[in-house]
K.L.:
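Sharing a structure with you now.
A note on names: the letters A, B, ... follow the listed sequences, proteins ahead of strands, and every chain is numbered from 1.
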Amino acid sequence: MRKVAIVGTGHTDFVSDGPKTEVEMFCEAGTEAMEEASVTPKDIQALYCGNVFGDFAEGQGMIQSYIANELGCHHIPATRFEGACASATLAIRDAFIWVASGFYDVVLVGGTEKATAMGTPLATRTFAMGSDGKYEFPAGITFPGFFALLANLYSAKYDVPMERLREQMSMVSVQSHFYGTKNPHAQFKHKEVTAEQVSKGFMVASPLRLLDCCPFSDGAAALVVASEEKAKKMTDKPVYITGVGQASSPRLSAQAPFLPRIRAREVSVKQAYDMAGVGPQDIDLCELHDCFSIASLIAAENLGFAENGKAGELWEKGETKIGGKIPINISGGLKAKGHPIGATGASQACEVARQLRGDMASEARQVEGAKIGLVDTLGGDGIISNLVLQTNV
Amino acid sequence: MEYQLSFKDYHKALMKNKLMGLKCKACGAITCPPQMSCRNCTGFDLEVVELTGKGKITTYTTIYVAPEGRENEAPYIIVLVELEEGPWIMGNLYDMDPARADLDLIGKPVELGTRIFPGDKYSDGPAARPVFRFTDGK
């Protein structure tokens, strides 16, 4: 396999009720990434696009074909990836595999989503499509409901009293909103929150309250990935994709032997760590899938940053901030940056790549000296994909 | 290979308050809801068996924000129940005021009843929904 690098990154503002179409948002992020890499449409050999609910949000399917041609990449093969909230990470993993194999040299990969166009009731319905439609949706499961079930199970199984878990979950949201105010692309770039606001917000699915939950969002992000040989000609700051992982899960109830762990994440991240030859102790920063505050704690444990039931202590001790043991979601995370689901994995990879290039000093949120970063994305109740990104190879 | 227990047949039985599952002839594990392979050993040699519908609550949540078309159901309690035969299934708890649900529910013994989700424009028809009540009547 050949080495593969990210050579260009693009990221739109993440917003609610945005004025732009999904195609327009992707093309704006895509051209930003292409400009960074100094490539033209003629250089792009394939397009991989995460997009989940274009059909419901805009009445638009097969968006990837229109994106490729609007960008001027006429007639190139374009493929849409649907893995719920992990869609764009699956797309990046496949872009990596096809470039590493030698089949392509340069691929444009990303995602776009306009979730707020659906409105909250329809969005709540469509997001629930990321759970088992035949055997679990009849009970009325929602996406917050999925993680609410895990939060109560976490408290009981790991013997973390709900009062303490409540405080830990609030700390997660407070930290995400703090860093979100430093990210000019964040949906909540003007909004800090207090622990009291989080713990007193209206209940969505007990014990999860409004500020435990990420918002519905519109936005896009994109990357140009290239073979090592091409990458060295395009940029003096290539960010290498050194490890990738992907794993699937059965319906939530069938994950019983492992819950509240998401076993697929443990499988996926091990693939990524092993391929890169690193472990959790080597990771300098992580963008993980904090769709809900409790999801951050569970993810941090599954990724190996804390023992089961102990991840809250990372936030309590400030270990997840810049300067801590494992800076997490310095972008503001899904919580404050926003979560346009088909774009989220590309947004996370864009954020980590920019951190590793040292681009974030101007936004006062640079993790100094970061060399190895981890991307973690969860789709529905159990599609996981992970990426290890590195500058020091 | 045909399904031993299809969604349609599982649904029909559940409408009659019968909870059906699959017993693996190789390892003996019970799989429920049904699927093509044994959840324990991945074997395909499965036979249909009726389950007791009894179990205990392993976790719960009260849903306050419901999906489109189901707003008038909220608030409602969703539970995961560990059946006597081993597998966990998802259902509702209709036996108490949803606002009073708390962690004391975990471990409580329950037994199965059935209501129906009439379906919506995305669901390809109705589906029986397991609902649980406390076994000891409390």
K.L.:
Could you tell me which portion of B:Y76 (side chain, backbone, both or neither) has an atom closer than 4.5 angstrom to a non-hydrogen atom of chain A?
P.N.:
side chain
K.L.:
Determine the option with the most heavy-atom pairs under 4.5 angstrom with chain A, choosing from B:I77, B:T31, B:I89, B:V65.
P.N.:
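Top option by heavy-atom pairs under 4.5 Å: B:V65.
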K.L.:
Below 4.5 Å, heavy-atom pairs only: which of B:V131, B:L105, B:T58, B:T62 has the largest tally toward chain A?
P.N.:
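Max contact count across the listed options: B:T62.
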K.L.:
Checking heavy atoms, do the side chain of B:D120, its backbone, both or neither come under 4.5 Å from chain A?
P.N.:
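Looking at B:D120, just its side chain touches chain A.
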K.L.:
Please check this pair: side chain of B:R129 against backbone of A:P138, looking for a donor-acceptor N/O pair closer than 3.5 Å.
P.N.:
yes
K.L.:
Go through the atoms of A:L208 and report whether side chain, backbone, both or neither lie under 4.5 Å from a heavy atom of chain B.
P.N.:
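For A:L208, no heavy atom lies under 4.5 Å from chain B.
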K.L.:
Less than 4.5 Å to any heavy atom of chain A: does that hold for the side chain of B:P87, its backbone, both, or neither?
P.N.:
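Neither; nothing under 4.5 Å.
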K.L.:
Taking side chain as everything from C-beta outward and backbone as N, CA, C, O, which of these in B:P34 sits under 4.5 Å from a heavy atom of chain A? Side chain, backbone, both or neither.
P.N.:
both
K.L.:
Measuring only between side-chain heavy atoms, which start at C-beta, is A:F137 closer than 4.5 Å to B:R70?
P.N.:
yes
K.L.:
Say whether, by atom type as modelled, one donor and one acceptor occur between the side chain of B:T59 and the main chain of A:L153 under 3.5 angstrom.
P.N.:
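A pair under 3.5 Å: yes.
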K.L.:
Do the two ring centres, one from B:Y122 and one from A:F56, sit under 6.0 Å apart?
P.N.:
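Under 6.0 Å, so yes.
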K.L.:
Hey, could you give me the CZ/CD distance between A:R251 and B:Q35, rounded to the nearest 0.5 Å?
P.N.:
6.0 Å
K.L.:
Taking every heavy-atom pair that is under 4.5 Å apart, which of A:A254, A:A148, A:G119 has the most such pairs with chain B?
P.N.:
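The option with the most such pairs is A:A148.
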K.L.:
Sub-3.5 Å donor-acceptor pair from the side chain of A:K134 to the main-chain atoms of B:S123, do we have one?
P.N.:
yes
K.L.:
How far does CD1 of B:I63 sit from CD1 of A:I141, to the nearest 0.5 angstrom?
P.N.:
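It is 5.0 Å, given to the nearest 0.5 Å.
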K.L.:
Is it the side chain or the backbone of A:F143 that comes within 4.5 Å of chain B heavy atoms, both, or neither?
P.N.:
neither
K.L.:
Give the member of B:R115, B:E68, B:E71, B:E73 that has the highest number of heavy-atom pairs under 4.5 Å with chain A.
P.N.:
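Of the options given, most contacts go to B:E68.
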K.L.:
In terms of heavy-atom proximity below 4.5 Å to chain B, should A:S155 be classed as side chain, backbone, both, or neither?
P.N.:
side chain
K.L.:
Out of A:P144, A:P121, A:S206, A:A205, which one racks up the most heavy-atom pairs below 4.5 Å with chain B?
P.N.:
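Winner by heavy-atom pair count: A:S206.
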K.L.:
So how far is it from B:R39 CZ to A:S253 OG, rounded to the nearest 0.5 Å?
P.N.:
9.5 Å
K.L.:
Can you tell which of B:N92, B:V79, B:I106 has the highest number of heavy-atom pairs within less than 4.5 Å of chain A?
P.N.:
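Highest number of heavy-atom pairs under 4.5 Å: B:N92.
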